[in-house]
Amino acid sequence: MSLDATLTTPALAETTRRRTRRPASLGLLGAATLGTLLLVWWAVTALGLIEPLFLPSPGAVLGKLWQLSREGYLDASLWQHIGASLGRIALGLLAALATAIPVGLAIGRNRIARGVLDPLIEFYRPIPPLAYLPLIVIWCGIGELSKVLLIYLAIFAPIAIATANGVRNVDPARLRAAQSLGARRTQLLRHVILPSALPDILTGIRIGLGVGWSTLVAAELVAATRGLGFMVQSAAQFLVTDVVVLGILIIALVAFALELGLRALQRRLVPWHGQGQ
Amino acid sequence: MALLQLHRVSATYPGQQEPVLADLSFDLGPGQLLVALGPSGSGKTTLLNLIAGFVAPSAGRISLDGATVEGPSAERGVVFQDDALLPWQDVLDNVAFGLQLAGVPRLQREARARELLALVGLADFATRRVWQLSGGQKQRVGIARALAADPRLLLLDEPFGALDAFTREQMQALLLQVWQRAAKPVFLITHDIEEAVFLATDLILLAPAPGRIVERLSLDFGRRHGAGESVRSIKSDPLFIEAREHVLARVFAERQQRSPA
């Protein structure tokens, strides 16, 4: 991005003003949408247009939140349900980071590794996790391992693919610059290739976490006693609709928080991304 | 003191019949600033890549102080056309990068990097981020970074091609100053005739298909600038204009021979 030297000052002020105004109006629009949705929800339930069995009122859901956070649901507090889900996704993510980044580096740097690993990943990636869940249960049982494994598999592919992509797109001039400064192979990897690929790796993690979180409910269908997915699922079986709605909202909020957190991390770790580099 | 020797060097791209460079020989020694001038397609970037060790010659031998060049190394510093700085490091760390790779302790390498930033006139820019710099400033950092690893020879790949005319002239003067202070042989490629005539102590003119040397000149305008004469006074000197027109005529003569239209 380069500003033309002949650009006059009023024009410059105009672009800056427009740039600062735009995100605010976007946020405003988003808030207005959510507000309207909430209002419609409140109106249809308050007017008795829909049975509470199908859609409980916002007040009832809020009340349920208060009740659950004090009393818990099905032998576990709300925090234990949230904690169990977050723990599973954290384990899956850690395992995926530890394996997918090296695998992505290998695919991006080495032709043989690419030839061997790329088809495997591309083969399993498009399969919906629910489709291979029964096989995982047959192989690994109904314990915690199956649940984490399912989430792990969902997160692994996006991170590995994004890493390989980032590694392949490293600017060759940067590699040559480092080589002409005396960099050895391992130093190239540590000082040039990994930092260059970091924006892509972080994008992969964002996508992976999104997919992983959405397979959580599926994973917690398998003989779980705790977790947000389990909570929603068992509440549905007893037609406790307010808990179902509450669970869905909490799942959405956690996903939103994860996404915001990762964006903040991205801004902090790779401030050069999108700076015309 | 460093001596770079090219002996009957040729280069061919894999899978191609026609060589990019055919049978080049020249020496580059202490006190010299050698400029390779040529139109695009004359193989000047290939020539620089050969000397840097990024590609291997298909025939002939390149040696630095008698040792054959095999692959890139810190003894031949390179300044790139598009700066190739690392945006995750600040300016100081970029300059100190070569010393970091060599395992020099932080305090020592930062002290050295500060000296070089002062040499290129960026003493106050140590903590800036790379993307906050202008094009000319980036190239100054590139020059400081290449010098920090204390190479025996400095290679520059059309370093000022992307700069505006005013900045380019400043950078040319800076390069002459750095060349004299650092006392290292410099090899520079460019397609800018005036730049070549102004900077070079030795100028080789390359012609394309296949890339070969069609003329060698010894010039002293860069040295005169180093001795204190102003850029404007040199560039308006009839001797300078004559040399520039001579080179220009040679470039056109080569063109006409190749395509009589």
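A, B, ... follow the sequence lines: proteins, then strands. Residue 1 opens every chain. None of these values were measured; they are calculated from a predicted model.
- The parts of Ala74(B) that come within reach of chain A are both its backbone and its side chain, each placing non-hydrogen atoms under 4.5 angstrom from that chain.
- In this structure the side chain of Pro271(A) never reaches within 4.5 angstrom of the side chain of Trp88(B), judged on heavy atoms.
- When every heavy atom of Ala146(B) is checked against every heavy atom of Leu181(A), the shortest pair comes out as CA-CD2, 4.4 Å.
- Listed by sequence position, Phe97(B), Gly98(B), Gln100(B), Leu101(B) are the residues of residues 89-105 of chain B in contact with chain A, using a 4.5 angstrom heavy-atom cutoff.
- To the nearest 0.5 Å, the span separating CH2 on Trp272(A) from CG on Leu85(B) amounts to 13.5 Å.
- Residue Pro172(A): no heavy atom, backbone or side chain, is found under 4.5 Å from chain B.
- Summarising the local packing, CZ of Arg61(B) is surrounded by more than 12 heavy atoms from other residues, nucleotides or ligands at distances under 6.0 Å.
- With a 4.5 angstrom heavy-atom cutoff, Asn49(B) touches chain A only via side-chain atoms.
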*side chain to side chain contact (heavy atoms under 4.5 Å, CB included) between Arg174(A) and Leu86(B), intermediate numbers included*: CA-CA 7 Å; Arg174(A) 282 187 192 151; Leu86(B) 306 180; 3.8 Å; yes
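- Checked against ring-ring contact (aromatic ring centres under 6.0 Å, His included), Phe160(B) has no partners two or more places apart in sequence or in another chain.
- By the neighbour-count criterion of 12 heavy atoms within 6.0 Å, atom CG of Leu260(A) is densely surrounded, having more than that number from other residues, nucleotides or ligands.
- Heavy-atom contacts from other residues, nucleotides or ligands closer than 6.0 Å to CZ of Arg168(A) number more than 12.
- Between Leu155(B) atom CG and Ser180(A) atom OG the span is 8.0 Å, to the nearest 0.5 Å.
- Residues Ala177(A) and Arg145(B) come closest through the heavy atom pair CB-NH2, 3.4 Å.
- Within 6.0 Å of OH on Tyr13(B) lie no more than 12 heavy atoms contributed by other residues, nucleotides or ligands.
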